[in-house]
> 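I have a structure I would like to understand better, so I am pasting it below and will then ask my questions one at a time.
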Amino acid sequence: MGDTNGQVVAGGNGEGNRLDQLNYPTNVLIDKETDSLIICGTGRVVRWSRRSGTTQGEILIDNIDCYGLAMDDQRYLYISDTDKHEVRRYQIGDKNGTIVAGGNGKGAGLNQLNFPTYIFVDQQQTVYVSDNNNHRVMKWNKGAKEGIVVAGGQGEGKALTQLSNPQGLFVDTLGTIYVADSDNDRVMRWPKGAKKGTVIVGGNGYGEGANQFDVLQGLSFDRHGNLYVADYGNHRVQRFSLKTTDQRDSPFCAQQ
């Protein structure tokens, strides 16, 4: 906190497929057990140690059009594949994985996805997926053969029942869904079971104002309820304070 300059911790050697390079990284998470970064990029997933002096990563999974990345409490990796329209779960070291969402070709059926991007996995190994080109968020319970529409799914649009190319995704301990409604330049909150969402930030058209966005990507919360949003088209990250009524019982705490 307070730094005005960042530090390169992975890549930084131009675009490419060498072990000291990254190729359009889209998602990253910290594996605390091995003190390393797991990075999702074009064609592969790599692990990069956080120890100082590390100059290259190691390939965990290759030949995959990965976009979204998550890890559960048992250290299973979940990766969305935008080419195969599926989400797979992997044990570290396993290169094949198991389909946990989609996998039935591109489509809008409840057992299908269409360009899945960001994913979120809760403590019950329930998988939530931003089903980008279907303009909806899907929930797949552990072992389910079909998903459940939990946000959007009413076609592309700006109504409170609709989404437009959803991206970043977060689900709190109450089951409330927060989603970056990318092309509507707003972040929406969908309480568990709700048929429509509410706009919590943005929704003022695209632009450079402090209450505006220009295409959204990832979002994240800290344990104090601060929301961080990757404001893609404005080349910035914005922070918003969304205080809960009782910080001691914040629904964000258990997910951090």
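Predicted, not measured: the structure shown is a model, and the values here were computed from it.
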> When clusters are formed by joining ILVMFWY residues with side-chain heavy atoms under 4.5 Å apart, either directly or through shared neighbours, do Leu77 and Val87 land in the same one?
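In one cluster with Leu77: Val87, no.
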
> Does atom NZ of Lys158 have more than 12 heavy-atom neighbours, drawn from other residues, nucleotides or ligands, at distances under 6.0 Å?
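No, the 6.0 Å shell around NZ holds no more than 12 heavy atoms from other groups.
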
> Checking side chain to side chain contact (heavy atoms under 4.5 Å, CB included) for the pair Ile38/Ile92: CA distance, chi angles, key distance, verdict?
CA-CA 11 Å; Ile38 297 177; Ile92 300 289; 4.2 Å; yes

> Would you give the length of the straight line joining atom CD of Glu86 to atom OG1 of Thr98, rounded to the nearest 0.5 angstrom?
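Between Glu86 CD and Thr98 OG1, I get 10.5 Å after rounding to 0.5 Å.
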
> In terms of hydrophobic clustering (I, L, V, M, F, W, Y; side-chain heavy atoms under 4.5 Å; direct or indirect links), are Ile177 and Val199 co-clustered?
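Same cluster: Ile177 reaches Val199 through Ile, Leu, Val, Met, Phe, Trp or Tyr contacts under 4.5 Å.
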
> What are the two closest heavy atoms between Gly207 and Arg236, and how far apart are they?
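So the minimum-distance heavy-atom pair works out to O-NH2, 4.1 Å.
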
> For residues 73-85, which residue pairs pass the side chain to side chain donor-acceptor pair (under 3.5 Å) check, not counting sequence neighbours?
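Only Asp31-Arg75, Asp72-Tyr78, Gln74-Gln125 qualify under side chain to side chain donor-acceptor pair (under 3.5 Å).
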
> Could you list the cluster mates of Val8? Members are the ILVMFWY residues connected by side-chain heavy atoms closer than 4.5 Å, either directly or through other members.
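Val8 clusters with nothing; isolated.
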
> Going by the side-chain contact (heavy atoms from CB on, under 4.5 Å) test, name the single residue among Asn133, Asn132, Asp131 that passes it with Leu113.
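Result for side-chain contact (heavy atoms from CB on, under 4.5 Å) with Leu113: Asp131.
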
> How many angstroms lie between OG in Ser164 and NE2 in His135, if you round to the nearest 0.5 Å?
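That separation rounds to 6.0 Å.
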
> For Tyr90, which of Val45, Leu60, Ile64 qualifies under side-chain contact (heavy atoms from CB on, under 4.5 Å)?
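It is Ile64, the one option of Val45, Leu60, Ile64 that forms the side-chain contact (heavy atoms from CB on, under 4.5 Å) with Tyr90.
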
> Using side-chain heavy atoms (C-beta onward) and a distance below 4.5 Å, is Asp122 in contact with Val171?
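Of all side-chain heavy-atom pairs linking Val171 with Asp122, none is under 4.5 Å.
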
> So, for Ser130 and Gly168, which heavy atoms are closest and what is the spacing to 0.1 Å?
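Taking Ser130 first and Gly168 second, the nearest heavy atoms are OG-O, 4.4 Å.
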
> Counting distance only, does the side-chain N/O of Asn23 pair as donor-acceptor with the main-chain N or O of Gly16 below 3.5 Å?
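Checking the backbone N and O of Gly16 against the side chain of Asn23, no donor-acceptor pair under 3.5 Å is found.
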
> What closest approach, in Å, do Gln238 and Ala210 show between heavy atoms, and which atom pair accounts for it?
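Between these two residues, the closest heavy atoms are OE1-O, 3.3 Å.
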
> At what distance, to the nearest 0.5 angstrom, does CG of Asp185 lie from OH of Tyr232?
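Taking CG in Asp185 and OH in Tyr232, the distance rounds to 13.5 Å.
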
> In terms of hydrophobic clusters joined by side-chain contacts under 4.5 Å, are Val201 and Phe221 together?
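Yes, Val201 and Phe221 fall within the same hydrophobic cluster.
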
> Taking side chain as C-beta onward, heavy atoms only, is Asp214 less than 4.5 Å from Asp231?
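Result yes, sub-4.5 Å side-chain heavy-atom pair found.
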
> Linking I/L/V/M/F/W/Y whenever their side-chain heavy atoms sit closer than 4.5 Å, directly or via other members, would Leu160 and Val150 fall into one cluster?
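Yes; tracing contacts between hydrophobic side chains, which count when under 4.5 Å, links both residues.
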
> Using the side chain to side chain contact (heavy atoms under 4.5 Å, CB included) rule, take Thr55 and Asp20 through it: C-alpha gap first, then chi angles, then the decisive distance, then the call.
CA-CA 6 Å; Thr55 58; Asp20 66 342; 5.7 Å; no

> Which is it for Leu216 and Asp181 under the side chain to side chain contact (heavy atoms under 4.5 Å, CB included) test, yes or no, and what are the steps along the way?
CA-CA 7 Å; Leu216 301 181; Asp181 190 9; 5.7 Å; no

> Do Asp183 and Val215 have side chains that approach each other closer than 4.5 Å (heavy atoms only, starting at C-beta)?
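Touching, per the 4.5 Å side-chain cut-off.
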
> Check the hydrophobic clustering (I, L, V, M, F, W, Y; side-chain heavy atoms under 4.5 Å; chains of links allowed) and say if Ile79 and Phe120 are grouped together.
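They do not share one cluster, since no chain of ILVMFWY contacts under 4.5 Å joins Ile79 to Phe120.
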
> Residues two or more places apart in sequence or in another chain: which of them pass ring pair (Phe, Tyr, Trp, His ring centres under 6.0 Å) with Phe240?
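Testing Phe240 for ring pair (Phe, Tyr, Trp, His ring centres under 6.0 Å), a comparison that skips the adjacent residues, returns Phe213.
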
> Over all heavy atoms of both residues, which pair between Arg136 and Pro166 is shortest? Give the atoms and the distance, please.
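Taking every non-hydrogen atom into account, O-CG, 3.7 Å.
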
> Restricting to pairs with a member in residues 191-212, which pass side chain to side chain donor-acceptor pair (under 3.5 Å), not counting sequence neighbours?
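Sorted result for residues 191-212: empty, none.
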
> Any side-chain to backbone donor/acceptor pair from Asp94 onto Gly97? Under 3.5 Å, distance only.
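Checked: pair present.
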
> To the nearest 0.5 Å, what is the distance between OG1 on Thr117 and CD on Gln167?
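Answer rounded to 0.5 Å: 4.0 Å.
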
> Which residues satisfy the side-chain contact (heavy atoms from CB on, under 4.5 Å) test with Ala159, sequence neighbours excluded?
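Ala159 satisfies side-chain contact (heavy atoms from CB on, under 4.5 Å) with Thr161, Gln162 only.
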
> Please give me the minimum heavy-atom distance between Asn134 and Gly107, naming the atom from each residue.
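So the two residues come closest at ND2-O, 2.9 Å.
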
> First locate atom CE of Met188, then atom CG of Leu163, and finally report the distance between them rounded to the nearest 0.5 Å.
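Between atom CE of Met188 and atom CG of Leu163 there are 6.5 Å.
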
> Quick one: hydrophobic cluster around Ile59, which other residues, with the 4.5 Å side-chain cut-off, linked directly or via members?
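Listed partners: Val9, Leu19, Leu22, Val28, Ile30, Leu37, Ile39, Val46, Trp48.
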
> Identify the heavy atoms of Gln21 and Asn13 that sit nearest to each other, and give their distance.
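Reported closest heavy-atom pair: NE2-O, 2.9 Å.
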
> Find out whether Met138 and Val149 are in side-chain contact, i.e. whether some heavy atom of one side chain is under 4.5 Å from a heavy atom of the other.
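Contact flag for Met138/Val149 side chains = yes.
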
> What's the spacing between Leu219 CG and Tyr178 OH if we round to 0.5 Å?
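One gets 10.5 Å once the value is rounded to the nearest 0.5 Å.
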
> Would you say that Val179 contacts Tyr118 through its side chain, given a criterion of any heavy-atom pair below 4.5 Å between the two side chains?
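With C-beta onward as the side chain, the pair stays apart.
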
